[in-house]
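Structure first, commentary second.
Each chain gets a letter, A, B and so on, in the order the sequences are listed, and its residues count up from 1.
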Amino acid sequence: MLNSLNSPQREAIKYLDGPLLVLAGAGSGKTRVITEKIGYLINEAGYHAKEIAAITFTNKAAREMQERVSKLMAGKETQVKSSKGLTIATFHSLGLQMLRAEASLLGYKPQFSILDSSDSFKIVADILATTDKQLLRKTQYQISAWKNGFINPDQAKASAEEELTHATAKVYQLYQQTLKAYQAVDFDDLIKLPVELFEQHESALNKWQRKLQYLLIDEYQDTNACQYKLVKMLTGVRGQFTAVGDDDQAIYGWRGADVENLRQLTEDFSKLKVIKLEQNYRSTVRILRAANAVIANNPKLFEKKLWSELGTGDMIQVSAQQSEESEAESVLMKLQAHKFEHRTRFLDYAILYRGNHQARVFEQLLRNQKIPYTISGGQSFFDKAEIKDVVSYLRLVANEDDDPAFIRAATTPKKGIGNTTLERLGEYASAHKMSLFAAAFEQAFQAEIGHKQCDDLMKFCQYINKLQARAVRDPAGEVLNDLVTSIQYEAFLYDNEESRAADSKWANVLEFIGWLTKKGASSTEFGNENAGKNLLELTQMVSLMSMLEGREDGEPDAVKLSTLHAAKGLEFGHVFLIGVEEGILPHRESVDAGVLDPSKIEEERRLMYVGITRAQKSLNISWCKKRKRAGEMQLCEPSRFIAELPSADLRHFGNPFNDPDISKDFGKSKMANIRAMLANK
DNA sequence: GGAACTTTCAATTAC
DNA sequence: TGAAAGTTCC
């Protein structure tokens with residue numbers, strides 16, 4: 001089994017004497033090490049599958065790992081052990097699992113709701129009573145940062161030095177109270193609350209420590225303080241875990257992730273063993289040289305040098321374009337020519353970018369040219385309005401204290417319940433400290449509003465009551481189909497949209513129902529006792545799950561469009577890195593913040609590094625001289641990261657020296673800058 | 001109360 | 001360019 005591995009890989013898999021940190025460079029076979037180690041633990045080291053948990057950051061990574069473990073275990077000829085009961089989960093779904101089991105200890109009912117960030121945004125807006133988006137975003141961000149750092153409202157207040165911070169801490173406190181009243185948690189709570197739980201209830205901690213004997217943590221460099229705390233508590237004094245990470249690929253600092261956690265590990269666990277994986281099995285020497293050259297401009301946490309035996313490879317192409325449109329055109333032209341010439345498939349190509357909006361131009365052109373593509377990153381299926389509409393009913397049925405769900409369900413589709421009624425209901429509910437749903441049934445409240453309004457409201461509430469009874473009794477699929485029928489959702493879609501848009505939305509709803517139903521029939525996701533989930537139990541998973549899960553039709557042959565963040569962990573034969581300009585990569589906000597805090601620029605550089613290291617055989621980098629930004633045309637300069645590439649490995653297209661158009665746009669001094677920049681490296 | 005229209009503003013990254 | 005908020009009218 002361990003034959004085709006190199007020696008550090010083999011060592012990492014076999015090492016069981018204590019805590020282990022695997023520093024795995026890009027493309028060094030890190031997922032393979034984790035999956036093979038799971039197999040080793042089960043088949044050779046006497047662990048039961050149900051005692052092992054592998055924790056990842058994304059559903060995609062969890063799914064891939066699950067598939068690879070299944071394949072590995074099935075491939076064993078002398079298979080006696082099984083991977084049944086193995087936990088492969090994201091931090092968030094593991095947290096949900098724990099919270100669900102122990103909810104009552106924290107004063108929650110097991111059917112608590114999970115709010116998405118737009119729900120929590122609205123709550124913050126309510127508390128602050130403002131529409132100032134900038135302020136709201138900052139507040140929401142600050143609250144999230146506190147949670148990720150495991151700081152509760154009281155601590156936040158105590159440590160606040162500025163007036164504004166103190167005020168925000170108060171909002172944080174009110175926000176938490178609101179969530180509790182709604183019997184709801186946000187994404188950050190899914191990590192933070194289990195840690196609180198384990199701090200307060202040793203018996204719960206002991207239970208989970210006994211259950212999860214061995215932990216494997218993927219993408220360790222992306223853990224935040226809270227997640228690290230959770231890992232430390234779960235592994236306890238035993239310290240039986242394998243953390244796998246790469247400080248050069250830490251790109252989630254803005255989400256509270258702290259690369260320091262890597263260093264912290266060496267301090268917290270004196271017996272920590274460190275193994276480096278430095279052989280790259282993915283990219284050509286040129287691509288690797290480019291990656292190493294760029295990342296060399298960052299200070300290092302651990303010394304590490306990637307090498308490859310895959311040959312020198314093609315030159316890296318850098319092209320300057322006139323506009324986003326011409327960039328898209330040139331990329332797709334190059335792509336199609338390359339595909340024709342090399343007889344490759346569409347799925348060998350990826351177009352990677354910094355921000356989601358950059359995909360738009362490409363999508364349009366891809367559609368025009370009838371090139372198949374898939375788009376990842378960006379908003380998930382579950383953020384689509386039509387899905388959230390349906391889910392709001394489910395959330396309300398599962399948890400009638402969920403006011404945000406109440407409001408959405410009560411008003412979508414329109415059913416005679418308007419703003420005035422809802423406002424009065426809200427006033428009554430908050431005066432009497434009850435949920436909107438409960439308030440609607442109050443005699444005193446009903447006396448306040450008109451007859452027609454009261455009738456419509458009661459009709460809705462009684463319908464929810466009916467659904468509640470059915471949800472625990474009837475098959476999920478049946479209830480769901482009846483639900484969309486009785487709220488006349490299909491008609492609602494076609495009334496409000498032109499038919500093409502409505503078609504796709506309705507198809508999404510049906511796909512969602514089909515998916516959820518299948519999930520309910522055969523859920524192995526949360527390998528716990530209650531198999532055969534009913535509608536209520538499925539509802540909670542929805543906000544964390546990915547639709548693509550369990551889809552049997554493998555990857556379609558399509559060009560991949562992806563943000564750099566979402567591309568981490570993936571690899572492609574041929575990569576187009578687009579929009580590599582100052583202000584985009586590095587992003588303008590990071591450049592501004594970078595004046596005071598160089599780590600902001602360093603994170604952008606790691607993003608560039610991640611982009612480069614996705615490529616196996618060829619890499620195309622492009623930037624635009626002009627770009628439309630919020631309507632206005634803007635002049636752009638090539639990213640500083642282009643100047644950091646090794647010039648011997650580059651081939652320039654639309655070279656600024658020879659392009660009169662660029663010279664004219666930039667004027668002499670800027671041209672000199674660029675020239676110096678390019679010549680320097 | 002709610003549909004239909006007009007105006008305004010804005011785009012990191014994501015579980 | 002597109003979504004969200006504001007405004008008008010039935």
Lys NZ or Arg CZ of A:Arg255 over A:Tyr252 ring: under 6.0 Å, within 45° =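 Yes, a cation-pi geometry holds between A:Arg255 and A:Tyr252.
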query = When we call it a touch if two heavy atoms are under 4.0 Å apart, what does A:Phe91 touch: a base, just sugar-phosphate, or nothing?
reply =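 Result for A:Phe91 = nothing.
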ask   = Base, sugar-phosphate, or nothing: which does A:Ile251 touch, judged by heavy atoms less than 4.0 Å apart?
value =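 Result for A:Ile251 = nothing.
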Report the distance from atom [atom1] of [X] to atom [atom2] of [N], rounded to the nearest whole Å.
{"X": "A:Arg588", "N": "B:dA10", "atom1": "CZ", "atom2": "P", "result": "15 Å"}
{"X": "A:Glu219", "N": "B:dC15", "atom1": "CD", "atom2": "C1'", "result": "14 Å"}
{"X": "A:Asp119", "N": "B:dC15", "atom1": "CG", "atom2": "P", "result": "17 Å"}
{"X": "A:Leu422", "N": "B:dG1", "atom1": "CG", "atom2": "P", "result": "9 Å"}
{"X": "A:Asp222", "N": "B:dT13", "atom1": "CG", "atom2": "C1'", "result": "12 Å"}
{"X": "A:Leu425", "N": "B:dG1", "atom1": "CG", "atom2": "C1'", "result": "16 Å"}
{"X": "A:Lys452", "N": "B:dG1", "atom1": "NZ", "atom2": "P", "result": "8 Å"}
{"X": "A:Leu136", "N": "C:dA5", "atom1": "CG", "atom2": "P", "result": "11 Å"}

[X] side-chain proximity, nearest of [options]:
{"X": "A:Lys133", "options": "C:dA4, B:dA14, C:dG2", "result": "C:dA4"}
{"X": "A:Arg137", "options": "B:dA11, B:dA14, B:dC15", "result": "B:dA11"}
{"X": "A:His357", "options": "B:dA11, B:dC15, B:dT13", "result": "B:dA11"}
{"X": "A:Lys414", "options": "B:dA14, B:dA3, B:dA11", "result": "B:dA3"}

ask   = With a 4.5 Å limit on heavy-atom distance, are the side chains of A:Arg606 and A:Asn298 in contact?
value =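 Contact flag for A:Arg606/A:Asn298 side chains = yes.
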ask   = Do side-chain atoms of A:Arg614 reach the backbone of A:Phe572 as a donor and acceptor pair under 3.5 angstrom?
value = no
So, is [X] near the phosphate of [N], with a side-chain N or O under 4.0 Å from OP1 or OP2?
{"X": "A:Asn148", "N": "B:dC15", "answer": "no"}
{"X": "A:Ser117", "N": "B:dC15", "answer": "no"}
{"X": "A:Ser93", "N": "B:dC15", "answer": "no"}
{"X": "A:Asn356", "N": "B:dT13", "answer": "yes"}

inquiry  = According to side-chain contact (heavy atoms from CB on, under 4.5 Å), who are the partners of A:Gln634, at least two apart in sequence or on a separate chain?
reply    =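 Applying side-chain contact (heavy atoms from CB on, under 4.5 Å) to A:Gln634 gives A:Arg588, A:Arg629.
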query = Taking only residues two or more places apart in sequence or in another chain, which ones pass side-chain contact (heavy atoms from CB on, under 4.5 Å) with A:Gln176?
reply =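 Only A:Lys147, A:Pro153, A:Tyr172, A:Leu179, A:Asp189 meet the side-chain contact (heavy atoms from CB on, under 4.5 Å) criterion with A:Gln176.
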task = With DNA chain B as reference, determine whether A:Thr421 or A:His92 sits nearer its 5' end, using the nearest nucleotide of each.
result =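 Mapping each residue to its closest nucleotide by heavy atoms, the 5'-most match is A:Thr421.
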ask   = If you find the nucleotide of DNA chain B closest to A:Gln134 and the one closest to A:Thr58, which residue's nucleotide is nearer the 5' end?
value =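 Result: A:Gln134.
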request  = May I have the step-by-step check of side-chain hydrogen bond (donor to acceptor under 3.5 Å, both in side chains) for A:Tyr220 and A:Asn261, ending in yes or no?
outcome  = CA-CA 8 Å; A:Tyr220 187 78; A:Asn261 284 346; 5.1 Å; no
ask   = Stacking check: are the rings of A:Trp254 and B:dT13 less than 5.5 Å apart at their centres and under 30 degrees in tilt?
value = yes
query = What integer number of Å spans the C1' atoms of C:dG6 and B:dA11?
reply =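 Here C:dG6 and B:dA11 have their C1' atoms 22 Å from each other.
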